[in-house]
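For reference, the structure discussed in these notes is given below.
In what follows, every heavy atom counts, from backbone to side chain, and hydrogens, waters and symmetry copies are set aside. Just so it is clear, the model here is predicted, and its values are computed rather than measured. Order of listing sets the numbers, starting from 1, for every ligand and every atom in it.
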Amino acid sequence: MDTVEIALTVNRERVRRRVEPRKSLVDFIREDLELTGSHVGCEQGVCGACTVRVDGALARGCLTLAVQCDGATVETIEGVAASGEIADLQAAFAAANALQCGFCTPAMLLTAQELLRDNPTPSGAAIRTGLSGNYCRCTGYHAIIEAILATARRRREDGRG
Ligand code: FES
Ligand code: FES
């Protein structure tokens, strides 16, 4: 299979690789860059486990081809977590027991962060709607919603929401 050279920025680092044109972004991130926080579930855009940011917006890593990201800026859970941007959200998830197996958690955190950015005062119902594209098989969602509500409250108290 022929390969194509792509150059992009991943978690603030310039990356240049040759990839097969059919390779998905999430497979590229996991296999070629060995960043395994983005997960592969359904591979058809339903479960949300493969969520990453491409040029600042959430994207399904399973429905995006790596070659489509030539020249793009990609952020994975590893980079977002390392930046400290979601440290309070991560702490709230831990405090609320909002994760069990953890498979959905990286994508949940990225989605929750975008949700809070768009709506700093979400209701429980708004959070449920915002997370409707992210499946969790373990928690029943209640603790996840509590963690996001607690983060929103704390950010408002700290003047960050
Ligand atoms: Fe991409 Fe399920 S693996 S949405
Ligand atoms: Fe297991 Fe969400 S914690 S899938």
Side-chain angles (χ1 to χ4, degrees), residues 1 4 6 8-11 15 17 19-82 85-119 122-152 154:
M1 168 79 66
V4 177
I6 58 171
L8 61 163
T9 302
V10 180
N11 298 336
V15 169
R17 292 281 196 290
V19 294
E20 290 182 11
R22 65 175 183 179
K23 189 162 213 168
S24 71
L25 176 60
V26 70
D27 284 346
F28 171 69
I29 287 168
R30 289 176 56 82
E31 294 168 6
D32 298 40
L33 305 184
E34 298 183 349
L35 295 168
T36 54
S38 310
H39 293 148
V40 181
C42 65
E43 293 186 84
Q44 51 182 321
V46 177
C47 75
C50 59
T51 301
V52 293
R53 283 184 194 155
V54 178
D55 291 333
L58 294 186
R60 297 285 205 231
C62 71
L63 296 185
T64 309
L65 294 171
V67 291
Q68 289 178 284
C69 295
D70 187 29
T73 296
V74 174
E75 294 166 272
T76 71
I77 188 63
E78 288 89 348
V80 176
E85 178 188 330
I86 56 168
D88 57 349
L89 199 50
Q90 291 173 288
F93 267 56
N97 290 323
L99 61 151
Q100 290 178 28
C101 78
F103 189 81
C104 69
T105 310
M108 282 290 180
L109 289 166
L110 291 176
T111 304
Q113 177 67 354
E114 178 164 279
L115 193 149
L116 289 174
R117 226 172 21 198
D118 292 348
N119 179 6
S123 63
I127 294 172
R128 278 189 184 275
T129 302
L131 296 182
S132 60
N134 290 73
Y135 288 5
C136 176
R137 296 282 186 187
C138 307
T139 66
Y141 299 93
H142 184 73
I144 293 173
I145 291 160
E146 286 303 309
I148 297 170
L149 283 170
T151 304
R154 226 159 277 139

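- T151 contributes atom OG1, which lies 4.5 Å from atom CG of L89 (distance to the nearest 0.5 angstrom).
- The two residues G41 and C47 have their closest heavy-atom pair at CA-SG, 3.8 Å.
- Across the listed options M108, R137, H39, R137 owns the non-hydrogen atom lying nearest to atom 4 (S) of ligand 2.
- For ligand 2, the atoms lying closer than 4.0 Å to a non-hydrogen atom of G102 are 1 (Fe), 3 (S).
- Shown in contact with V46 at under 4.0 Å from a heavy atom are these atoms of ligand 1, numbered in order with element: 4 (S).
- Of the possible polar contacts, none joining the E75 side chain to the L58 backbone as a donor-acceptor pair under 3.5 Å is found.
- Every atom of ligand 1 with a heavy atom of C42 under 4.0 Å away is listed here by number and element: 2 (Fe), 3 (S), 4 (S).
- Between K23 atom NZ and T64 atom OG1 the span is 15.0 Å, to the nearest 0.5 Å.
- Shown in contact with G45 at under 4.0 Å from a heavy atom are these atoms of ligand 1, numbered in order with element: 4 (S).
- Using a 4.0 Å cut-off to heavy atoms of G48, the atoms of ligand 1 that qualify are 2 (Fe), 4 (S).
- Atom 1 (Fe) of ligand 2 lies under 2.8 Å from an N, O or S atom belonging to C101.
- Closest non-hydrogen pair, I6 versus V67, comes out as CG2-CA, 3.8 Å.
- Atom CG in N134 sits 3.5 Å away from atom OG1 in T111 (nearest 0.5 Å).
- Ligand 1 places these atoms under 4.0 Å from at least one heavy atom of C62: 1 (Fe), 3 (S), 4 (S).
- Under 2.8 Å from atom 2 (Fe) of ligand 1 lies no N/O/S atom of C50, from backbone or side chain alike.
- The part of R60 lying near ligand 1 is the side chain, judged by heavy-atom distances below 4.0 Å.
- Near G41, with a cut-off below 4.0 Å to any heavy atom, the atoms of ligand 1 are 3 (S).
- Atom 3 (S) of ligand 2 has as its closest protein heavy atom Q100 N, 3.2 Å.
- If you number the atoms of ligand 1 from 1 as listed, the ones under 4.0 Å from a heavy atom of E43 come out as 2 (Fe), 3 (S).
- Metal site remark for atom 2 (Fe) of ligand 2: C138 contributes no N, O or S atom at a distance under 2.8 Å.
- Judged by distance alone, with hydrogens and angles left aside, the side-chain atoms of H39 form a donor-acceptor pair with the main-chain N or O of F103 at under 3.5 Å.
- One distance of note links CD1 of I29 with OG1 of T76; it measures 6.5 Å at 0.5 Å rounding.
- Rounded to the nearest 0.5 Å, atoms OG1 (T36) and CD1 (I77) are 12.0 Å apart.
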